[in-house]
Amino acid sequence: MARNETNSMNNVSLKKNTIFNLIKTLSTIVFPLITFPYISRVLHAENVGKINFSASIVSYFALFATLGLTTYAVRECSKVRSNTAELSKTASQLISISVVTTIISYIVLFLCLAFWSKLWNYQSLILIQSVSIICTSLGADWLNTAMEDFRYITIRTFIFQVIALIAMFVFVTKPEHYIIYAGISLISSSGGNIVNIFYRRKYCKVYFTFKMDWRKHIKPILLLFAMMLSQTINNNIDTTILGIIKGDLDVGLYSTANKIFNIANQVSASIIWVVMPQLSAGFANKNYKQVNKLLRYASGFLIDFNFPCMIGMLFLSKEILSIIAGSEYIAASGCLQIFAIALLFTILTAIYTNMILLSSGREAQALIACIVSAVLNIITDIIFIPYFGINAAAATTAISQFVIYIISSRKKDSNISFGNVKSLLYGPIVGCIFEVILITIIKLLFKSSWIKIILSIFFSIFFYIIILIKTKNEFACETVLPFFEKLTLFSR
């Protein structure tokens, strides 16, 4: 009886956490869409370029400071979260390691600022933006994720984003205010980490310790860091090679299509952090019934969300690019359509690499997949970009995602089962067929890109959800339907 009550509570928690993390992810997408048009006009291209260049420099030091600790910390703290003493010990060790790597990262950063003349004109900006490294290290947001406190994470993130948004419109009114804008951006990105220092006391006592148990922690952390590094190379190499071989125009077209693709990826990734704590605990306890249930739940979310996004990107690529970036970017429509196909492979990568391998502690296999994929991506980029440009860059991204899946799925644990896969696919496929018909009719009736997009999104979402519910889609019936029932739109 107690186990059934616990499972019921976990199911309710999982649904709520999915919704909270989805809201948080959407807010991190919406706020930049609001601020960018304003900032680009007020600060002008040159000052926006300074901010972005400084941020890119800081990102490399932030990558080293965090190593692969975030994913590892979520997994390890999830295993011991029911034991306050063990949780306190593990969290303290990991934060202490983070403090050490942050100090080393800052030493190298200060040396670069002192001796690299290229950075002398950006010193103030870099120092301001680098505060985010300290905040990330001390804030240890991974502890909140491990404790599945997504309600707090979502509310906190939203509050600081609103504060930053108001401050931006009040204090950033001239081009020379770009340093003020950099400071305000810290409120949005790192303000919540300061609150974490006080908030996490509700879980356990966290302190600095010299007994960090490096022997236990350093190998998986470095493996995850190497994996993150290879993923970073994998994500950025297309742009780099395009810039070298083709030039700025192609980079601009490709990066715009890539940003739209990454918006869908961000939403998809939100489910990974929701299920990872329970997945890690399930693998640690060899509770494959729980593991399989979580994997099926997360797979349902990924399929239900990515399938209609894929159709939208395929059939409305020109309209999407025209509205978001301008008519000159319509040349990237073919590139965006290839990215739409890549969404299929990101589902498989998310399931097998991020959820199965990392949650079960098989970082080495995930690392091999990422390295092989990165090397293949570089080779195919060099061969095909000279002939096919941005479309080749997008295609190699899709291929690299598929390669990661192929390697990650090798030697699959025989205890893992997704159940009836056809039942996961049936509703989304029927919904997508209906979406194609709707979009085709709307495109025939209207010429305005805005009208096409608005009507397509509204009617597609409305009928897609209805079809999912009518076809008894598991994720929709468990997570979406209860909200419609409260609005008395549907009855059981």
Side-chain angles (χ1 to χ4, degrees), residues 27-66 102 105-106 108-139 156-195 232 235-236 239-240 243 248-249 251-256 258-260 262-263 266 324-326 328-329:
S27 71
T28 58
I29 293 170
V30 170
F31 275 88
L33 290 177
I34 295 173
T35 59
F36 183 74
Y38 175 78
I39 288 302
S40 61
R41 287 164 175 77
V42 172
L43 299 184
H44 300 314
E46 183 178 354
N47 289 328
V48 171
K50 290 178 181 178
I51 292 170
N52 289 335
F53 175 76
S54 300
S56 69
I57 297 298
V58 172
S59 69
Y60 292 109
F61 294 94
L63 181 65
F64 175 78
T66 57
T102 297
S105 181
Y106 264 96
V108 179
L109 174 60
F110 289 147
L111 289 173
C112 288
L113 290 176
F115 297 105
W116 189 4
S117 59
K118 171 69 176 176
L119 301 181
W120 289 350
N121 292 331
Y122 302 92
Q123 285 182 347
S124 297
L125 266 177
I126 290 174
L127 288 173
I128 290 171
Q129 292 174 321
S130 72
V131 173
S132 63
I133 301 176
I134 300 175
C135 292
T136 300
S137 176
L138 297 180
R156 179 208 67 194
T157 301
F158 184 79
I159 289 172
F160 278 100
Q161 284 177 332
V162 170
I163 293 172
L165 184 67
I166 295 171
M168 183 195 69
F169 286 119
V170 172
F171 298 108
V172 182
T173 57
K174 301 176 182 178
E176 55 267 28
H177 288 169
Y178 67 93
I179 291 183
I180 296 175
Y181 172 70
I184 291 173
S185 296
L186 278 174
I187 298 174
S188 174
S189 63
S190 303
N193 285 310
I194 303 300
V195 179
T232 301
N235 293 335
N236 295 331
T239 303
T240 303
D248 294 338
L249 176 60
V251 170
L253 294 172
Y254 176 81
S255 59
T256 302
N258 187 249
K259 284 179 182 177
I260 296 169
N262 283 328
I263 288 175
Q266 278 183 267
I324 290 180
E328 62 182 313
Y329 290 87

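None of these values were measured; they are calculated from a predicted model. Along the sequence shown, residues carry numbers from 1.
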Side chains of residues 127-139: which donor-acceptor pairs under 3.5 Å do they make with residues two or more places apart or in other chains?
| from | atom 1 | to | atom 2 | distance (Å) |
| --- | --- | --- | --- | --- |
| Gln129 | OE1 | Ala55 | N | 3.2 |
| Gln129 | NE2 | Ile51 | O | 3.4 |
| Ser130 | OG | Tyr106 | OH | 3.4 |
| Ser130 | OG | Ile126 | O | 3.3 |
| Ser130 | OG | Leu127 | O | 2.8 |
| Ser132 | OG | Gln129 | O | 2.8 |
| Thr136 | OG1 | Ser132 | O | 2.8 |
| Ser137 | OG | Ser98 | O | 3.4 |
| Ser137 | OG | Ser98 | OG | 2.9 |
| Ser137 | OG | Thr102 | OG1 | 3.1 |

For this session: Step by step, work out the side chain to side chain contact (heavy atoms under 4.5 Å, CB included) result for Tyr178 and Leu125.
Result: CA-CA 9 Å; Tyr178 67 93; Leu125 266 177; 3.7 Å; yes
For this session: Can you establish whether the number of heavy atoms outside Phe169 located under 6.0 Å from its atom CZ is more than 12?
Result: yes
Determine all donor-acceptor pairs shorter than 3.5 Å in which one atom belongs to a side chain in residues 180-193; sequence neighbours excluded.
| from | atom 1 | to | atom 2 | distance (Å) |
| --- | --- | --- | --- | --- |
| Ser185 | OG | Tyr181 | O | 2.9 |
| Ser189 | OG | Ser185 | O | 3.1 |

Exercise. In Å, rounded to the nearest 0.5 Å, how long is the span from CZ of Phe61 to CG of Leu63?
Worked result: 11.0 Å
Problem set entry | Residues forming a side-chain hydrogen bond (donor to acceptor under 3.5 Å, both in side chains) with Asn262, sequence neighbours excluded | Asn258
Problem set entry | Straight-line distance of Phe110 CZ to Gln123 CD, nearest 0.5 Å | 10.5 Å
Exercise. Which distance, rounded to the nearest 0.5 Å, do you find between the NE2 of His177 and the CE of Met168?
Worked result: 13.5 Å
Problem set entry | Side chain proximity check, Ile57 to Tyr122, heavy atoms < 4.5 angstrom | no
Exercise. Where do Val195 and Phe160 land on the side chain to side chain contact (heavy atoms under 4.5 Å, CB included) test, with the steps shown first?
Worked result: CA-CA 11 Å; Val195 179; Phe160 278 100; 3.6 Å; yes
For this session: Could you tell me which non-hydrogen atom of Ala114 sits nearest to which non-hydrogen atom of Trp120, and how far apart they are?
Result: O-NE1, 3.3 Å
